[in-house]
2 protein chains.
Amino acid sequence: MLATAFTADTAYAVRGEDRPNNRAPAPDALAQRLADGTVRTFEGKEHIYREGDVAAHVYVVEVGHVCIYKMLPDGRRQVIDFAYPGDLVGLGAMGEHKCSAQATSRTRVRGIPLASLHQIARTDGRLGVKLYEAVSRELQATRELLFTVSQRNAMERVAAFLLAISRRCERNGEDPLEFVLPMTRSDIADFLGLTIETVSRTFTRLRVDRLIDLSQSVLVTIVDHEALARLAESKGH
Amino acid sequence: MLATAFTADTAYAVRGEDRPNNRAPAPDALAQRLADGTVRTFEGKEHIYREGDVAAHVYVVEVGHVCIYKMLPDGRRQVIDFAYPGDLVGLGAMGEHKCSAQATSRTRVRGIPLASLHQIARTDGRLGVKLYEAVSRELQATRELLFTVSQRNAMERVAAFLLAISRRCERNGEDPLEFVLPMTRSDIADFLGLTIETVSRTFTRLRVDRLIDLSQSVLVTIVDHEALARLAESKGH
DNA sequence: CGTCCCGTTGAGGCGGTTCAAAGTGCGTGG
DNA sequence: CCACGCACTTTGAACCGCCTCAACGGGACG
């Protein structure tokens, strides 16, 4: 009965990116459930689930990173989110998954059976509310991405992307100014609605302009955070 | 406590666009609550609420249409959704609204106090679950829009937009092949991530190519639904 | 050492934007 | 009732940012 109502996968955020002062991400009622579940490990490029698969679990990322995306029959792809450790993946898709989830590298996840989650939610209102909040945050994030893709140019998009990754690293207790990009240029391109060439050129441009450093193509150092933020927020001037 | 957790407004769909055979939109537990509430009427261009306002109610659109949007300081705007009669507006924003909601013409809405909604949800798990489902559907819709804006060209976007409106009209028991657009070209442009000129040119192109008819600029008649659907789905060929 | 995958760089074309102007519908006041 | 103003839409012309196509470079792996 719930099954037919859910239409979307959710790689949302127990994380709560952009909630102020939030380092203990998983909300109480939910957190209890998330401690259960069985651990599975996926290699890079391996799929945790695919569009159309029956959805039986949600997954908490413990180690590694997951790319959530949707395909169009003609091959066009939209990357919807990148899940970092602590993030929850696959919520909101009971009948069948509407997105695919692919590990970008060796990734360990904890699978929580959806059945138990929903059973509890029906009797304990608090969990239902928590799920609601969780999806609301995911919705907020998706609208932010919509704004970025719809209104900003290539430079602004890449700047906003880097800052978002930086914030996630900070949340996870890593260096927010020097981090490894766990996804390919192709993933970034399909996330931002650009081509890999444009993404590559924009990275180069940011490096030449001394806003970032790229000793390796996957290793980003933010040199001028201020300027990057200015780029991401306003158009040019 | 809930207040701090919600981050997003929701102009979601009790509507359930794209749920198969769904004409009785409001799900039971939710529907009861929605029968309560006080009615208010807004003129065209009037705001039901603005970004930053304290969020005290959700609103069910009864008559008219509402445009949900977000602004950037530099004036760029992203329209997130158009709410039709039967749609719910403002869910998911307890502390303060993160979007603005503006009536596109004289509009009657029914305001439901959030306080009562959340109180009930905490004790009755079913309502919480319903809210969860509702936001999940909204998330699904936003991802669909993200895909459209990110991956499709102007012609495909406008075609997809017209088909979406057509489906909404059908759901509301109106003619799906001839309908009035309750929003301006500017609203459509900011929804699809285009300029008004491009939207206008694309409409003209669709008219010249005999896919639609435009006796007045707001009155759309779908002439070749087949071709329109082909346009919206695949790229050219 | 060759192959494959990924990232980078270059040249050229095109779709959508920008800037500008004319057209259309509608309410308001003379 | 008509004239006017205003907001919205349409159309045109020129420009530009991103895409497309193509080639090259570098690291991983057999």
Side-chain angles (χ1 to χ4, degrees), chain A residues 43-45 67 74-77 79 102 104-106 148-159 161-162 180-209 212-220 231 235-237, chain B residues 43-46 67 74-77 79 102 104-106 148-159 161 180-209 212-220 231 235-237:
Chain A
E43 297 301 320
K45 304 263 133 197
C67 173
D74 64 6
R76 281 178 287 181
R77 185 175 71 137
V79 171
Q102 184 183 36
T104 62
S105 60
R106 178 183 288 258
T148 297
V149 161
S150 180
Q151 306 290 338
R152 303 200 230 252
N153 64 27
M155 195 68 111
E156 297 171 326
R157 291 185 212 183
V158 171
F161 168 75
L162 288 176
V180 169
L181 294 177
M183 70 292 284
T184 66
R185 292 288 187 268
S186 174
D187 291 333
I188 299 174
D190 288 344
F191 183 62
L192 297 177
L194 300 168
T195 60
I196 52 174
E197 293 95 331
T198 298
V199 170
S200 180
R201 275 186 259 264
T202 307
F203 269 105
T204 302
R205 177 77 190 283
L206 288 173
R207 180 171 50 73
V208 170
D209 292 354
I212 64 170
D213 213 58
L214 279 174
S215 44
Q216 309 158 48
S217 66
V218 296
L219 181 62
V220 175
L231 253 183
K235 187 143 196 171
H237 61 75
Chain B
E43 296 302 318
K45 304 264 133 198
E46 222 181 321
C67 173
D74 64 6
R76 281 179 288 182
R77 185 176 72 138
V79 171
Q102 185 183 36
T104 62
S105 59
R106 177 183 287 257
T148 296
V149 161
S150 181
Q151 306 291 338
R152 303 199 229 252
N153 65 26
M155 195 67 112
E156 297 171 326
R157 290 185 213 184
V158 171
F161 168 74
V180 168
L181 294 177
M183 71 290 286
T184 66
R185 294 288 187 270
S186 174
D187 291 333
I188 300 174
D190 289 344
F191 183 63
L192 297 177
L194 299 168
T195 60
I196 52 173
E197 293 95 332
T198 299
V199 170
S200 181
R201 275 186 259 266
T202 307
F203 269 106
T204 301
R205 178 77 191 284
L206 287 173
R207 180 171 51 73
V208 169
D209 292 355
I212 65 171
D213 214 58
L214 278 175
S215 43
Q216 309 158 49
S217 66
V218 295
L219 180 63
V220 174
L231 254 184
K235 189 145 191 167
H237 59 74

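Each chain gets a letter, A, B and so on, in the order the sequences are listed, and its residues count up from 1. Just so you know, these numbers come straight off a predicted model, no measurement behind them.
Scanning for side chain to side chain donor-acceptor pair (under 3.5 Å) contacts around Thr198(A) gives Thr195(A), with sequence neighbours left out. Phe203(A) is linked by a ring pair (Phe, Tyr, Trp, His ring centres under 6.0 Å) to nothing, counting only residues two or more places apart in sequence or in another chain. For Arg77(A), the side chain to side chain donor-acceptor pair (under 3.5 Å) test picks out Asp187(A), Asp190(A), with sequence neighbours left out. Residues forming a side chain to side chain donor-acceptor pair (under 3.5 Å) with Arg207(A) (at least two apart in sequence, or on another chain): none. In this view, Ser200(A) satisfies the side chain to side chain donor-acceptor pair (under 3.5 Å) rule with no residue, not counting sequence neighbours.
If you measure from atom CG of Leu219(A) to atom P of dG27(D), you get 15 Å, rounded to the nearest angstrom. Straight-line distance from the CG atom of Leu192(B) to the C1' atom of dT17(C): 16 Å, rounded to whole Å. A straight line from CZ of Arg205(B) to C1' of dG15(C) spans 12 Å, rounded to a whole angstrom. Rounded to a whole Å, the CD atom of Gln216(B) is 16 Å from the C1' atom of dG23(C). Separating the CZ atom of Arg152(B) from the P atom of dC19(D) is a distance of 17 Å, rounded to the nearest angstrom. Rounded to a whole Å, the CG atom of Asn153(A) is 10 Å from the P atom of dT18(C). Across the protein-nucleic acid pair, Asp190(B) atom CG and dC8(D) atom P stand 12 Å apart, rounded to whole Å. Atom CD of Glu156(B) and atom C1' of dG16(C) are 14 Å apart (whole Å).
Panel note: side chain Arg185(A), backbone Ile196(A); no donor-acceptor pair is recorded below 3.5 Å. Listed for the Arg106(A) side chain is no donor-acceptor partner under 3.5 Å among the backbone atoms of Gly44(A). Thr104(A) contributes a side-chain N or O that, together with a main-chain N or O of Pro182(A), makes up a donor-acceptor pair within less than 3.5 Å. Counting only distance, with no hydrogens or angles, the side chain of Arg157(B) and the backbone of Leu194(B) share no donor-acceptor pair below 3.5 Å.
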Using a 3.5 Å cut-off and no angle test, enumerate the donor-acceptor pairs between side-chain atoms of residues 212-219 of chain A and protein atoms at least two apart in sequence or in another chain.
none

B/S/- along nucleotides 7-14 of chain C (protein heavy atoms under 4.0 Å) is SBBBB---
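A close approach under 4.0 Å does not occur between any side-chain nitrogen or oxygen of Lys45(A) and OP1 or OP2 of dC5(C).
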Can you give the dot-bracket line for DNA chain D, using ( ) for pairs inside the strand, [ ] for pairs that cross earlier ones, | for pairs with another strand and . for unpaired bases, where Watson-Crick and G-U count if both distances are under 3.5 Å? ||||||||||||||||||||||||||||||
Polar atom pairs (N or O), protein with nucleotides 28-30 of chain D, under 3.5 Å:
none

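Contact of the Arg152(A) side chain with the Arg76(B) side chain is registered, since non-hydrogen atoms from C-beta on lie closer than 4.5 Å.
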